[in-house]
Number of protein chains: 2
Amino acid sequence: MISDKIQQELENLTRAERQLAHSILDNYPASGLGPLSALAKSAKVSVPTVARMVQKLGFKGYPEFQAELREELKAKVKNPIAKHDTWAEGAPSEHMLNQFTDAVIDNIRLTLGQIEPRLFDEACALVAASNTHLYVVGGRITHTLAEYLFLHLQTIRPKITHIQSTSNAWPHYLLDVQKGDVFVIFDMRRYENNTLKLAEIAHAKGAKIVLFTDQWRSPIDALADITFSNRIEVPSAWDSAATTLLLIETMISAIQNLSWNETKDRMEELEELFDRTKLFRKFN
Amino acid sequence: MISDKIQQELENLTRAERQLAHSILDNYPASGLGPLSALAKSAKVSVPTVARMVQKLGFKGYPEFQAELREELKAKVKNPIAKHDTWAEGAPSEHMLNQFTDAVIDNIRLTLGQIEPRLFDEACALVAASNTHLYVVGGRITHTLAEYLFLHLQTIRPKITHIQSTSNAWPHYLLDVQKGDVFVIFDMRRYENNTLKLAEIAHAKGAKIVLFTDQWRSPIDALADITFSNRIEVPSAWDSAATTLLLIETMISAIQNLSWNETKDRMEELEELFDRTKLFRKFN
DNA sequence: ATACTTCTGATAAATATTTTCCAGAAATTT
DNA sequence: AAATTTCTGGAAAATATTTATCAGAAGTAT
């Protein structure tokens, strides 16, 4: 790392160079990524001093020095957390289990890093609001995620509908949409026309839209009040929904907390119901 | 933030510009801090395209664009939260987003740590074997996971059926089960009686069972040939399916690789059918 | 299918940056 | 304190980068 190298060389540097070195380390690496002249000015040394020091550090020239700084930055953004070298112990790191898990953790990190907590909280409030009707919409693959969310929310709040945009019955559901109703829409790449149409109608009717999409963003983004863009790339011919599921589950949990008082009874009642029908075994 | 601005403007950008935008976001902000020509090259667009886009984004020129990127970087590094003990930067570590993600990562680590890669590979082989019929079984909540697996495998292999154990039609599906057929069964806590019954019949008919369950293990474990026990505990009134989804997706990817030659054509055909995005240029 | 518009990239011109050179300043040695 | 060495920064030269121009390609509408 360049900052280490600078620290190490600090002894062998001249006064002006040391002054420069401190300036570089001061807000590393941003200061080194601008033009040489700007760095010289902010360190209050001359332009040639910078040029010379960079060569002293072993670089052919300032551009090469910058290139390495950028590489460092790239690497830092890619894996800031000590990379767990293998997840499945006893499998080589090239094993799909490890490769795939690495990718998913990366996706989670990058996705969460870009979420604004305030917006997340807002989305939770919208989804929790039990005075409006809630529609959960998924497409060909994503309807599984939509249903997962639906099944949980069903326990927490009333007035909730799961619409599969691939079904040709969906226009019927939209008849009763009121202004202020909330749509949670899932649309990942190979964005579906049906889903877009549905979103447009919902939007026209004055409904609010919370969108879960990928990093390239479904066109519905333009209509959405809140969008969550999830990283979905994994070493596979398909995309990963793991990050999205994480967000869904977090949202469910957050909503649960918001409205625990109201839902407590519902939950217990349901528990009771499932027991009677003997769908579930008693759990100790 | 520039990345936000880019995503926001994405609509108004032309095809080449969009391609560039994605390249910038791909490893943000490092890629934008190098020379314009390097960025153009890595995004595979021409130099003027880059120049035009930064102006479209409201900057006087590329240097000004870079200057703002550097300012962002400086601010981010200065911010004490850049210490990566939080996932959603800008949210306190007590925020549900961070708490929940911590728990899920923990679950992934613990689950993967207990998996025997050999068994995982075996399970993949069982699920991939296209000479036998494959049944995917889920319960009240887990049928969403089952369907997720089903939808993907459908593309890869023939002879596959998704059974919902809560449906009262499932006994019909079991009529044709042959010895050697494979069942992938999902059964998480509040283990379902129906699912157990189904597993018993399948087992009696000589079918092989791959079971996805939680760390306390469904009673089906006794009948299963291979069991994956997933950690599912999160700070929530419900359990997390994230780890299980990760395993499912990994399995899909592994199976895909096993049978790539056979499925390549199927995939490409589908790709063509679903691709309406026109976002990306065709690969050469 | 044709005309029209918009977009794209090769090239050239303009601008900015980096490097080199050198004279004078600062530090060190004698 | 003088001589010597090392360091520093101004300015010019060399190089690289950015911006503007324009013709042809791609896409759209008629």
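In what follows, chains carry the letters A, B, and so on, assigned in the order in which the sequence lines appear, proteins first and then strands, with residues in each chain numbered from 1. Note that the structure is a prediction, hence the values are computed from the model and not measured.
Electrostatic pairing of A/Glu71 and A/Lys74 counts as a salt bridge here, judged by a charged N lying under 4.0 Å from a carboxylate O. A/Arg118 and A/Asp121 are not joined by a salt bridge, as no carboxylate oxygen comes within less than 4.0 angstrom of a charged side-chain nitrogen. Using a 4.0 Å cut-off between charged side-chain N and carboxylate O, B/Glu9 and B/Lys56 make no salt bridge.
Between the P atom of D/dA14 and the CG atom of A/Leu36 lies a distance of 19 Å, rounded to the nearest Å. Rounded to whole angstrom, the span from the NZ atom of B/Lys41 across to the P atom of D/dT17 amounts to 11 Å. Between B/Asn12 atom CG and C/dC7 atom P the separation is 11 Å, expressed in whole Å. In this structure, A/Gln66 places its CD atom 9 Å from P of C/dT19, rounding to the nearest Å. For the pair A/Glu64 CD and C/dT19 C1', the computed distance is 14 Å after rounding to whole Å. A straight line from CD of B/Glu17 to C1' of C/dC7 spans 9 Å, rounded to a whole angstrom. In this structure, B/Leu39 places its CG atom 13 Å from P of D/dT17, rounding to the nearest Å. One can place CG of B/Leu33 at 12 Å from P of D/dT18, the figure rounded to the nearest angstrom.
The side chain of B/Pro63 lies closest to D/dT18 when the candidates are C/dT19, D/dG9, D/dT18. Checking C/dT18, D/dG9, C/dG9 against the side-chain heavy atoms of A/Pro35 singles out C/dT18 as nearest. Set against D/dT8, D/dT18, D/dG9, the side chain of A/Pro48 has D/dG9 as its closest nucleotide. For B/Ser46, whose side chain is taken as the heavy atoms from C-beta onward, the closest listed nucleotide among C/dG9, D/dT19, C/dT19 is C/dG9.
For B/Arg52 against C/dG9, a side-chain-to-base donor-acceptor contact under 3.5 Å is present.
With no hydrogens or angles considered, a side-chain donor-acceptor pair links A/Thr195 and A/Ser165 at under 3.5 Å. If you check the side chains of B/His152 and B/Gln256, you find no donor sitting under 3.5 Å from an acceptor.
Near DNA chain D, meaning a heavy atom under 4.0 Å away, there are no residues from residues 53-60 of chain A.
Applying the 6.0 Å contact sphere to NZ of A/Lys205 captures more than 12 heavy atoms from other residues, nucleotides or ligands.
Residue A/Thr14 has no polar side-chain atom (N or O) positioned under 4.0 Å from OP1 or OP2 of D/dT6. Residue A/Thr49 places no side-chain N or O under 4.0 Å from the OP1 or OP2 atom of D/dT8.
Heavy atoms of B/Val47 sit under 4.0 angstrom from at least one base atom.
A/Lys5 forms a cation-pi arrangement with A/Phe59, by the criterion of a distance under 6.0 Å to the ring centre and an angle within 45° of the ring axis.
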